[in-house]
Amino acid sequence: MDPTSSNTLSDDERVLVERFRAVTDPEVRAALLLIAQIFAEYAKIGGA
Amino acid sequence: VSAPHVATQTDAERAAAHASRKAADARRLQAEQEKVRGLERHVKRLESTIRTFLTADKVTEPQRAELVGLLAGLRPHARGLIDPKYAGITKPEQRLVDNYRAMSGNHARLMSGLAAELAKLDRLEEKKGGT
């Protein structure tokens, strides 16, 4: 993965990534990723 | 004499195949609808838990554990999301951003707030561990 791709992030995306990086517990990190996945899937089916 | 018979059989087979495809489509549609309903239930529970989490005066370890526990049942779906071999913007981070872009504004705000709280909690635990 290209580390310079962070340049393409918006401010709020960068903040999110920084917050995510600050979480060190792998279980909590997995939980955050899963939540993002579920919310994105939900949006795909028209959920708010 | 036998030709019309063969034609009739073929029609019957065709009709049977069509009916079978229709039944399979209906089963697939039903499975999809069940999946959507399941997802909706998960999202509603998630929203509620995250809101409780974010509005708590002070996030406690049991609350954090509750959130992690809630997601434990979904853990198999998270398998493969974390790949530690990537540096910089990692694969999971890229996926996080992709999903963040795809979600609604309401969920994006919840997501960012939750990440902030969990990061804060992480720092507190680190301090606690260090003393």
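Just so it is clear, the structure is predicted and the values come from calculations on it, not from any experiment. Lettering follows sequence order; numbering is per chain, from 1.
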Next item on the list: Verify the neighbour count for atom CG of A/Asp11: are there more than 12 heavy atoms of other residues, nucleotides or ligands below 6.0 Å?
Entry: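 For A/Asp11, atom CG is not crowded (no more than 12 foreign heavy atoms under 6.0 Å).
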Item checked: Minimum-distance pair of heavy atoms, taken over all atoms of B/Ser104 and A/Ala43 -> N-CB, 4.2 Å
Next item on the list: Check A/Leu16 against B/Ala115 and note the closest heavy-atom contact, atom names and distance.
Entry: CD1-CB, 4.0 Å
Would you mind reporting whether [Y] and [X] have side-chain heavy atoms less than 4.5 Å apart?
{"X": "A/Asp12", "Y": "B/Tyr100", "result": "yes"}
{"X": "A/Tyr42", "Y": "B/Met103", "result": "no"}
{"X": "B/Met111", "Y": "A/Leu32", "result": "yes"}

Checklist line | Plane angle bin for B/His107 and A/Phe39 - parallel if under 30°, tilted between 30 and 60°, otherwise perpendicular | finding: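 The arrangement is parallel - the two ring planes meet at less than 30°.
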Note to self: The criterion is salt bridge (charged side-chain N to carboxylate O under 4.0 Å, His left out); which residues satisfy it with B/Arg21, sequence neighbours excluded?
What the structure shows: none
Rounded to the nearest 0.5 Å, what separates atom [atom1] in [X] from atom [atom2] in [Y]?
{"X": "B/Leu96", "Y": "A/Leu34", "atom1": "CG", "atom2": "CG", "result": "11.5 Å"}
{"X": "B/Lys120", "Y": "A/Arg19", "atom1": "NZ", "atom2": "CZ", "result": "9.0 Å"}
{"X": "B/Asn99", "Y": "A/Glu41", "atom1": "CG", "atom2": "CD", "result": "7.5 Å"}

